[in-house]
There are 4 protein chains.
Amino acid sequence: MSASGGTGTADSRTRILDAAEALFADRGYEASSTARIAGHAQVPKGLVFHYFPQKIDVLVALVDERTFVEELPDGAVEALPGDPAGTLSRLARRLPLHASPAMRRILFREADTHRSVRERLGRLNGEVFRRARHALELALPGARGDQARLEVAAATFTAVLIYQENLASLTGQHMDPDAVADLIARALGA
Amino acid sequence: MSASGGTGTADSRTRILDAAEALFADRGYEASSTARIAGHAQVPKGLVFHYFPQKIDVLVALVDERTFVEELPDGAVEALPGDPAGTLSRLARRLPLHASPAMRRILFREADTHRSVRERLGRLNGEVFRRARHALELALPGARGDQARLEVAAATFTAVLIYQENLASLTGQHMDPDAVADLIARALGA
Amino acid sequence: MSASGGTGTADSRTRILDAAEALFADRGYEASSTARIAGHAQVPKGLVFHYFPQKIDVLVALVDERTFVEELPDGAVEALPGDPAGTLSRLARRLPLHASPAMRRILFREADTHRSVRERLGRLNGEVFRRARHALELALPGARGDQARLEVAAATFTAVLIYQENLASLTGQHMDPDAVADLIARALGA
Amino acid sequence: MSASGGTGTADSRTRILDAAEALFADRGYEASSTARIAGHAQVPKGLVFHYFPQKIDVLVALVDERTFVEELPDGAVEALPGDPAGTLSRLARRLPLHASPAMRRILFREADTHRSVRERLGRLNGEVFRRARHALELALPGARGDQARLEVAAATFTAVLIYQENLASLTGQHMDPDAVADLIARALGA
DNA sequence: TATGAATGAGTGTTCATTCAT
DNA sequence: AATGAATGAACACTCATTCAT
């Protein structure tokens with residue numbers, strides 16, 4: 001409704017969402033009070049509830065408005081035939097999941113306790129999975145390798161793609177998508 | 001699930017931890033009040049603070065006492081030489097990470113906001129990773145495939161192993177460890 | 001129920017008063033927010049304060065404009081001489097207090113905490129009382145029975161008349177005005 | 001549970017109820033904040049919720065614990081045979097409804113919006129009504145006057161008895177129970 | 001006359017924590 | 001070891017009211 005011009009100060013609603021995004025990512029939804037969100041956004045406490053009647057609505061708006069899977073542009077080439085590794089690497093580089101690192105943390109974390117977030121995450125994950133599977137189908141000329149294996153490959157790569165950052169920060173284990181792409185391609189390849 | 005005497009009713013401390021485990025897994029640490037924990041455990045509110053001076057100590061105790069990686073028993077055979085897929089499948093079946101599904105959810109979720117949990121999770125993950133890597137090294141006779149690839153394989157499998165349940169419940173995407181084991185083995189194998 | 005033009009949709013001010021009347025009667029003045037009144041009236045929140053600078057002014061306007069005792073029409077016969085019971089019954093049937101059941105609830109309830117309402121209620125009650133007393137005086141030919149008794153009778157009947165609905169809904173005790181009229185007439189009568 | 005000894009300072013729970021009784025009577029339930037109740041009772045805000053998990057529970061406790069109809073003591077004489085006026089006057093003087101004037105205001109006012117209060121009030125009213133009817137039956141030797149009239153008389157007297165104070169303060173109309181007793185007795189009498 | 005964003009004090013309620021017993 | 005009253009800061013949320021348009 002208000003597209004925060006380029007004037008430097010975004011409108012109040014946007015500022016509230018910005019603040020919430022940062023805080024939810026940093027300390028979690030429960031631990032981020034509405035007062036703190038308002039403070040961060042530099043708006044009076046009451047205004048938060050003017051735009052979002054319940055605190056949960058802030059989370060819902062964030063997830064609704066700030067996470068989505070990009071439409072595939074017309075004529076876009078998804079796959080490099082004969083080169084599954086390159087195909088997956090490219091998918092990784094042009095990740096069609098649009099969500100800031102902060103939003104990704106929020107999705108990941110709050111899905112556990114908020115159904116609406118979980119549903120969104122499921123849908124986003126599904127989209128990326130389908131994209132990966134389709135790209136792999138195009139990349140592999142013949143029906144080489146059965147369909148089941150291809151699905152496992154797509155699912156594994158999707159998980160790595162979407163969660164790599166979170167896995168890295170949670171476990172300290174860094175996973176290079178290109179290396180995983182290469183690994184998976186080998187599993188499917190000649 | 002936890003060592004309580006043999007008396008039938010577990011002692012208070014154990015009951016508190018049981019209740020906290022269930023509640024933290026269900027609704028998260030922040031959303032589980034100490035009063036509710038006490039209620040669930042059927043102990044008076046004050047007693048929680050007798051055993052755990054601060055609420056966070058309940059979480060710490062849970063993570064300390066109820067998650068660990070099993071020592072490798074003497075003379076245990078970890079690998080099936082020449083059969084990396086079987087080796088990984090077997091690792092999946094005898095998963096050395098001991099933690100109830102509830103504890104796994106807690107680890108996963110609270111690691112994001114509590115450093116001590118994150119550290120524990122990192123250590124557990126590292127242990128499983130090393131185990132997977134070692135098993136793969138033994139399973140693969142020659143130095144076939146370079147070391148880097150083997151590490152990527154071990155890391156990928158570890159991630160799938162540890163997080164499969166969470167991934168399934170968060171995204172709806174089910175991943176069969178045996179299928180992933182097979183996939184990875186192919187990537188490394190003959 | 002209230003004078004609005006003939007246009008079908010009442011004007012905003014009237015709609016606000018209608019909404020307030022319904023809400024105040026249903027949940028009380030304190031528990032009816034101005035936002036809710038505006039919502040019910042289907043007018044924007046700000047408009048309420050255009051017509052009624054303070055919330056209390058809505059209540060005052062309601063009481064001022066929607067409760068009154070009808071003037072006695074010229075030449076009206078109030079009493080049936082010699083028939084006090086009939087006289088009182090007729091007063092009950094032509095109750096000169098004009099106020100919807102909702103307004104009666106409001107008067108009754110808010111008088112307790114708002115002086116202006118209490119004063120209005122006192123005046124209305126006084127009018128009805130005087131009317132009842134006058135009618136009884138006319139109905140009873142001689143000075144049969146002293147004045148004091150007649151006043152008690154008028155006061156008792158007035159109370160029953162004005163509060164019967166409220167008493168019925170508050171206590172479950174239904175009182176038939178005709179039966180009370182008969183009772184009182186007997187006390188004064190032959 | 002704690003019978004506020006004679007030491008001067010009643011226990012906290014009693015002080016909270018005392019404060020609430022005074023405030024609810026004075027300004028109504030809705031307009032009396034829990035903070036104000038706590039302040040009046042000189043207890044910290046949180047303690048109110050220790051004893052009464054919800055604000056409404058304060059009102060319920062008040063009504064439950066501080067209004068009741070006294071049991072008729074064994075061998076008590078309820079009626080003066082042949083003297084219905086004296087019988088009713090005596091009932092007025094020994095009103096079996098135990099409730100402070102403040103509690104009576106609360107009952108009367110909040111019954112309108114709180115079902116539990118309304119139910120209590122209905123029960124109390126019913127008890128007093130039955131008592132009045134029974135006393136009148138005993139006072140009137142023969143079956144003089146039909147039963148219906150006797151019920152109307154009892155209901156009218158009950159209403160005056162229970163609500164006289166409220167009616168007086170709301171309308172300015174004072175009603176003397178003895179005078180009403182006399183009036184009603186005449187209606188029933190020879 | 002009409003409108004809805006803005007404001008901040010106040011509301012009921014929850015909470016971790018303390019402490020005397 | 002066990003208990004529950006006590007505490008006060010913090011929480012989500014509501015509200016009457018203002019004001020620029």
Side-chain angles (χ1 to χ4, degrees), chain A residues 1-2 11-13 15-16 29-39 41-59, chain B residues 11-13 16 29-39 41-58, chain C residues 11-13 16 29-39 41-58, chain D residues 1-2 11-13 15-16 29-39 41-59:
Chain A
M1 218 146 253
S2 52
D11 64 25
S12 300
R13 188 175 182 280
R15 290 227 305 284
I16 291 168
Y29 171 82
E30 288 288 346
S32 305
S33 73
T34 52
R36 209 179 173 105
I37 292 170
Q42 308 220 56
V43 301
K45 257 181 350 173
L47 197 55
V48 173
F49 291 92
H50 178 69
Y51 289 108
F52 308 99
Q54 315 222 83
K55 185 188 173 187
I56 190 69
D57 296 328
V58 178
L59 180 58
Chain B
D11 62 16
S12 299
R13 188 175 182 282
I16 291 168
Y29 171 82
E30 289 285 347
S32 306
S33 71
T34 53
R36 206 178 174 104
I37 293 170
Q42 309 221 58
V43 301
K45 241 177 1 174
L47 197 54
V48 173
F49 289 89
H50 179 70
Y51 289 110
F52 309 99
Q54 313 229 87
K55 184 187 174 189
I56 190 67
D57 298 327
V58 179
Chain C
D11 62 15
S12 299
R13 188 174 181 281
I16 291 168
Y29 171 82
E30 288 288 346
S32 305
S33 71
T34 53
R36 207 179 172 105
I37 293 169
Q42 310 220 54
V43 302
K45 244 181 353 180
L47 197 55
V48 173
F49 288 89
H50 179 70
Y51 289 110
F52 309 99
Q54 311 228 88
K55 185 187 173 189
I56 190 66
D57 298 327
V58 179
Chain D
M1 219 145 256
S2 48
D11 65 22
S12 300
R13 188 174 182 281
R15 289 228 306 285
I16 291 168
Y29 171 81
E30 289 286 348
S32 306
S33 73
T34 52
R36 208 178 173 105
I37 293 170
Q42 307 220 58
V43 303
K45 252 178 358 167
L47 196 55
V48 173
F49 290 90
H50 179 68
Y51 290 109
F52 308 99
Q54 313 223 83
K55 185 188 174 189
I56 190 68
D57 297 327
V58 178
L59 179 58

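Quick note on labels: first sequence line is chain A, next is B, and so on, each numbered from 1. In this text, all values refer to a predicted model and were calculated from it rather than measured experimentally.
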Heavy-atom protein contacts under 4.0 Å, nucleotides 10-16 of chain F, coded B base, S sugar-phosphate only, - none: BSBBBSB
Side-chain (A:Tyr29) to main-chain (A:Ile56) donor-acceptor, under 3.5 angstrom: yes
Using 0.5 Å steps for rounding, measure from the CG atom of C:Leu47 to the OG atom of C:Ser12. 5.0 Å
Assuming nearest nucleotide by heavy-atom distance, tell me which of D:Gln42 and B:Ser12 is located more 5' along DNA chain F. B:Ser12
For F:dA1, the nucleotide meeting Watson-Crick or G-U wobble distances (both under 3.5 Å) is none
What distance separates B:Ile37 CD1 from B:Phe52 CZ, expressed to the nearest 0.5 Å? 9.5 Å
Shortest non-hydrogen contact from B:Ala38 toward B:Lys45: CB-CA, 3.8 Å
Return the value, rounded to whole Å, for the distance between atom NE2 of C:His50 and atom P of F:dC19. 16 Å
Shortest non-hydrogen separation from C:Glu30 to D:Glu30 and the atoms involved: CB-CB, 3.5 Å
From CD1 of D:Ile16 over to C1' of F:dA6, roughly how many Å is that when rounded to an integer? 11 Å
With both distances under 3.5 Å as the test, what is the Watson-Crick or G-U wobble partner of F:dA9? E:dT14
Starting from P on E:dT13, measure out to OH on D:Tyr51 and report it in whole angstrom. 18 Å
Could you state the CD1-P distance from B:Ile37 to E:dT17, rounded to the nearest angstrom? 11 Å
Smallest heavy-atom separation, C:Phe49 atom then C:Pro53 atom, equals CD2-O, 3.3 Å
Between atom CG in C:Leu47 and atom P in F:dC19, what is the gap in whole Å? 18 Å
